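Have a look at the structure below, then the notes.
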Amino acid sequence: MISVESALETILKEIRPLGLESVDVMTALGRTTGEDIRATRPNPPWDNSAMDGYALIDSDTKGASDDKPARLKVIYDLPAGQVPKGPVEKGQAVRIMTGAPVPEGATAVVMVEKTSSGEGFVIVRSEVKPGENIRKSGEDFKSGEVVVKKGSLVRPAEVSMLATVGAPFLLVYRRPRVAIVSTGDELCEINEAPSKGKILNSNGYALAALAAMCGAEPVQLGIARDTKESLREKLKAAMEADCIISSGGVSVGDYDFVKDVLKELGSEMIFWKVAMKPGKPLAFGVIGGKPAFGLPGNPISSMVAFEQFVRPALYKMAGRKDIFTSVFRARITKDLKIKPGRMNFIRAELASTDTGFSVTPLDGQGSGVISTMVRANSFIIVPQDSTGFKKDDIVKVQPFDPSILLKDAPGY
Ligand code: AMP
Ligand code: MG
């Protein structure tokens, strides 16, 4: 048996980022940038007002108070989107709106709430500091500056930046296309009524859903039967994609032919018993230049193996820099006894509490118990040599879905 860490290391050595393509800014969301994006203009493009108010010369308000207000002549109105009609001179002010360019000569903007006005004049009741309420040209970024680095994940913040600098198209890494093949004579499709001895192909959907949640494009190739011919046909079709995933047929059963057929199609296939629970049998190799994962058949085993090995591989293919799931420390809410020897991934419920994170291991840890997976949001990671934990121990937890970021009540 090999450890989870060394299996992961061996796999990632074989994975390369895919090529680049040019896409529009919204298609880039969730992808990784393949080029530095530079600004061709500063932001803000010119000094502009941060408030609705009056642009003026700060020294004109020196010593201004309720008893001794400054009175300035308002020379024109300046809405956002228009250019100043002329400079501001001593004793003058311009009625300015948020975002409008600051007129020449003006050194500050007083907010409208601190003034009162009449026909052609404004009264200012307090001193205005130099630069007050002026957003300086280039204070966000300068012209020529790299505003989104190559290798960045495009989130809404990056979309905002790309739109700000006027980059409607950009280079991003391609989305991996992931072919998914389920294997087993016992499997039927989701819309069929299974006769005795048959079950529905849930792995084909679960793995496609996991791939989709990673930002990849799943290609569901359906069911291969437990014959070499049927497996050969499906796995050959799968080689059209960027990455191949099969489930089932990698154990030591009489009909477990996935290993043989992958070997037949591939250069070097590795077959492992990985010291993990669930998810022990695993095949990995590169066939036709494409990474191929032979995941175990038990539903939870295949999902756990996907989380540990396929997710980081897909992220690496998609050009991402941070490819591993963050591990949280949480206080375990009850004792957990484990037989040592394998790294255990215990389905659990991670919660954010007033005193930090807590985690509760769930009942029903069998590798086919999907209902526990449905109730869980994370795995407690039990190291290979550990015999488990005592209530209130701090343990490592790997969340597997983004719902951990959401709560049923605001947390202010
Ligand atoms: P295997 O490794 O092929 O012996 O499969 C192990 C267990 O996982 C068996 O109980 C299979 O019926 C089950 N299994 C295999 N493939 C699937 C699948 N696509 N969907 C649901 N269960 C499966
Ligand atoms: Mg099988």
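Below, all heavy atoms of this structure are taken into account, side chains as well, without hydrogens, waters or symmetry copies. First listed ligand is number 1; within each ligand, the first listed atom is number 1. Since we're looking at a predicted model, the values are computed, not measured.
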Should the pair Lys149-Glu158 be classified as a salt bridge under the 4.0 Å nitrogen-to-oxygen rule?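 No.
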Is Glu217 salt-bridged to Arg177, going by a charged N under 4.0 Å from an acidic O?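 Between Arg177 and Glu217 there is a salt bridge, with a charged N closer than 4.0 Å to a carboxylate O.
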Return yes when atom NZ of Lys334 has more than 12 non-hydrogen atoms of other residues, nucleotides or ligands closer than 6.0 Å, and no otherwise.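 Buried by this count: over 12 neighbours within 6.0 Å.
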Look only at the side chain of Thr107 and the backbone of Gly131, and say whether a donor-acceptor pair between them is shorter than 3.5 Å.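 Absent.
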Heavy atom of the protein closest to [atom] (residue, atom name, distance):
atom: atom 12 (O) of ligand 1; result: Glu186 OE2, 2.5 Å
atom: atom 4 (O) of ligand 1; result: Asp256 OD1, 4.2 Å
atom: atom 19 (N) of ligand 1; result: Asn201 OD1, 2.9 Å
atom: atom 22 (N) of ligand 1; result: Ile199 CD1, 3.5 Å
atom: atom 17 (C) of ligand 1; result: Asn203 ND2, 3.2 Å
atom: atom 7 (C) of ligand 1; result: Asn298 OD1, 3.3 Å

Can you confirm, on distance only, whether ligand 1 has an N/O atom lying under 3.5 Å from any N/O atom belonging to Gly297?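 It does: an N or O of Gly297 is found under 3.5 Å from an N or O of ligand 1.
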Contact check: Gly204 vs ligand 1, nitrogen or oxygen atoms, below 3.5 angstrom: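 N/O-N/O distance under 3.5 Å: no.
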When you check the side-chain N and O atoms of [X] and [Y], is any donor under 3.5 Å from an acceptor?
X: Thr333; Y: Thr360; value: yes
X: Ser116; Y: Arg125; value: yes
X: Asp52; Y: Thr98; value: yes

So among Leu153, Val172, Val23, Val159, which one has a side-chain contact (heavy atoms from CB on, under 4.5 Å) with Leu29?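 Running side-chain contact (heavy atoms from CB on, under 4.5 Å) over Leu153, Val172, Val23, Val159 with Leu29 returns exactly one hit, Val159.
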Examine ligand 1 and decide if any of its atoms is less than 4.0 Å from a heavy atom belonging to [X].
X: Gly249; answer: yes
X: Ser202; answer: yes
X: Leu200; answer: yes
X: Thr183; answer: yes

Would Phe309 and Phe293 satisfy ring pair (Phe, Tyr, Trp, His ring centres under 6.0 Å), going step by step from the backbone distance to the final call? CA-CA 9 Å; Phe309 305 119; Phe293 294 86; 7.8 Å; no
Which of the numbered atoms in ligand 1 are under 4.0 angstrom from any heavy atom belonging to Gly248?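 By the 4.0 Å cutoff, the relevant atoms are 2 (O), 3 (O).
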Can you sort out which atoms of ligand 1 are near Ser182, meaning under 4.0 Å from one of its heavy atoms?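 Numbered from 1, ligand 1 contributes 19 (N).
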